[in-house]
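Here is the structure we will look at, set down as structure tokens.
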Amino acid sequence: MLTVDFERLGLRPGDRVIDMGCGAGRHAFEMYRRGADVIAFDQDADELSGVRELFAAMRDAGEVPDGAEADVKEGDALSLPFADGEFDRIVAAEVLEHIPADIQAIDELVRVLRPGGVLAVSVPRWLPEIVCWKLSDDYHNTPGGHIRIYSDKELIGKLANAGLEFEDKDYAHGLHSPYWWIKCAVGVKNDDHPLARAYHRLLVWEIMKQPRTLRAVGRVLDPLIGKSMVLYFRKPELRGPDAG
């Protein structure tokens, strides 16, 4: 289930890319499949172990182009262990809402992005998220959970203040918002509730089979109640003496 549009990201084979806060690796796997040189970055060693294993399985199965590379790196989003301007493209999907010092994390992302490079960042969209917070304290009051709700204006402003140029905005996963509203209403841990179970089966069908009807419904719902807001930014090219 991808959130980022890799055409908007401008991903090309051979690009050096980082999936910051990669979790289980969904975006890292797709970038590797498209021929990029991928670093899956996270602070969760267990998650990274699984990502490393799947990278190897993809190589062994011949699912990646010749020359594509992939590795994992454990570390802190507030102090990325990479050189200035090391990456051509960066994905930070559903991670900034978890980080107290989000401005410091943004500064690090900008630092390791090369001039002319593109960053895609996604966070929970304001309206679907505020409904979840209103319905359930348990939804966000958990260790490592969501600590803020971004408006598009706020997040665009923070990234612009860090030196990036805003390029585009999109919304994704419109079918998923009602599921989380149901979960928050019946209890976020109440997976056995009949309504929650039924809607979960619908989402599994959507993800696994991608039926045409649900794709069409998703295209209608995404701009209205898409669960995720996706923003695309470019780092300005160097000008003057520093341009080399």
Side-chain angles (χ1 to χ4, degrees), residues 1-4 18-28 40-48 51 73-82 90-113 119-164 166 169-174 176-191 196 203 222 225-233:
M1 185 185 70
L2 299 174
T3 305
V4 170
I18 180 172
D19 184 359
M20 201 282 280
C22 66
R26 58 196 173 105
H27 288 101
F41 185 87
D42 206 281
Q43 63 180 2
D44 188 322
D46 292 336
E47 291 264 45
L48 289 177
V51 172
K73 184 73 173 179
E74 182 181 354
D76 185 349
L78 304 184
S79 182
L80 297 175
F82 305 106
I90 294 176
V91 170
E94 312 299 307
V95 62
L96 289 178
E97 69 273 14
H98 298 274
I99 300 176
D102 64 332
I103 292 177
Q104 186 176 344
I106 288 169
D107 286 342
E108 278 293 275
L109 291 172
V110 174
R111 180 184 66 79
V112 300
L113 182 64
L119 162 70
V121 56
S122 76
V123 297
R125 186 179 183 179
W126 187 87
L127 176 59
E129 188 76 348
I130 198 69
V131 172
C132 289
W133 283 48
K134 294 291 187 182
L135 288 173
S136 171
D137 289 337
D138 290 338
Y139 171 79
H140 62 97
N141 285 337
T142 58
H146 299 180
I147 63 170
R148 67 175 64 83
I149 304 175
Y150 288 105
S151 68
D152 53 356
K153 182 178 180 180
E154 177 190 0
L155 188 53
I156 290 171
K158 285 184 174 181
L159 285 149
N161 287 340
L164 298 185
F166 173 65
K169 177 173 65 175
D170 198 8
Y171 302 104
H173 313 313
H176 293 239
S177 292
Y179 172 70
W180 283 105
W181 296 340
I182 292 168
K183 289 275 286 181
C184 289
V186 304
V188 291
K189 297 180 181 179
N190 187 6
D191 295 331
L203 292 182
D222 285 351
I225 57 169
K227 185 72 167 65
S228 295
M229 174 176 67
V230 194
L231 305 175
Y232 299 86
F233 296 84

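Residues take their numbers from the sequence shown, with the count starting at 1.
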> Roughly how far, to the nearest 0.5 Å, is CG of L231 from CG of L96?
Replying inline: 10.0 Å

>> Side chains of P81 and K73, heavy atoms from C-beta outward: is any pair under 4.5 Å?
In response: yes

> Should M229 and D152 be marked as a side-chain contact (heavy atoms from CB on, under 4.5 Å) after you check the CA-CA gap, both sets of side-chain angles, and the distance that decides it?
Replying inline: CA-CA 8 Å; M229 174 176 67; D152 53 356; 3.3 Å; yes

> Do D138 and K189 sit within salt-bridge range, that is, some charged N less than 4.0 Å from a carboxylate O?
Replying inline: no

> Does the pair M20 and L80 meet the rule for a side-chain contact (heavy atoms from CB on, under 4.5 Å), with working shown?
Replying inline: CA-CA 9 Å; M20 201 282 280; L80 297 175; 4.2 Å; yes

>> Please report the interatomic distance CH2(W180) to NE2(H173), rounded to the nearest 0.5 Å.
In response: 12.5 Å

> Are R148 and E154 ion-paired here, with the side-chain N under 4.0 Å from a carboxylate O?
Replying inline: no

> Looking only at heavy atoms, which two atoms of L78 and A105 are closest? And how far apart?
Replying inline: CD2-N, 3.6 Å

> Quick one: ring pair (Phe, Tyr, Trp, His ring centres under 6.0 Å) partners of H146, sequence neighbours excluded?
Replying inline: H98, Y139

> Hey, is the main chain of I147 close enough, under 3.5 Å, to the side chain of H140 for a donor-acceptor pair?
Replying inline: no

> Within a strict 4.5 Å, meaning less than it, do heavy atoms of the V131 and I225 side chains meet?
Replying inline: no

>> Restricting to non-hydrogen atoms, name the atom on I106 and the atom on K158 that form the minimum distance, rounded to 0.1 Å.
In response: CD1-CB, 4.0 Å

>> Distance alone, cut at 3.5 Å: any donor-acceptor contact between the side chains of S177 and R125?
In response: no

>> Can you give me the closest heavy-atom contact between D222 and G174, atom names plus distance?
In response: OD1-N, 2.7 Å

>> Restricting to side-chain hydrogen bond (donor to acceptor under 3.5 Å, both in side chains), what partner residues turn up for D191, sequence neighbours left out?
In response: K183

>> So which atom in H176 and which in M1 form the shortest heavy-atom distance, rounded to 0.1 Å?
In response: CE1-SD, 3.0 Å

>> By the definition side chain to side chain contact (heavy atoms under 4.5 Å, CB included), identify the one residue from L155, I156, N161 that meets it with L159.
In response: L155

> Would D170 and Y232 count as having a side-chain donor-acceptor pair, cut-off 3.5 Å?
Replying inline: no

>> Please determine whether side-chain contact (heavy atoms from CB on, under 4.5 Å) holds for the pair L164 and L113, giving the CA-CA distance in whole Å, both sets of side-chain angles, and the decisive distance to 0.1 Å.
In response: CA-CA 10 Å; L164 298 185; L113 182 64; 4.3 Å; yes

> What closest approach, in Å, do S122 and A93 show between heavy atoms, and which atom pair accounts for it?
Replying inline: OG-CA, 3.2 Å

>> Test of understanding: with ring pair (Phe, Tyr, Trp, His ring centres under 6.0 Å), list the residues that count as partners of F82, not counting sequence neighbours.
In response: F41, F87

> Can E94 and S228 be counted as having a side-chain donor-acceptor contact under 3.5 angstrom?
Replying inline: yes

> How close do G226 and P128 get, heavy atom to heavy atom, and via which atoms?
Replying inline: O-CG, 3.5 Å

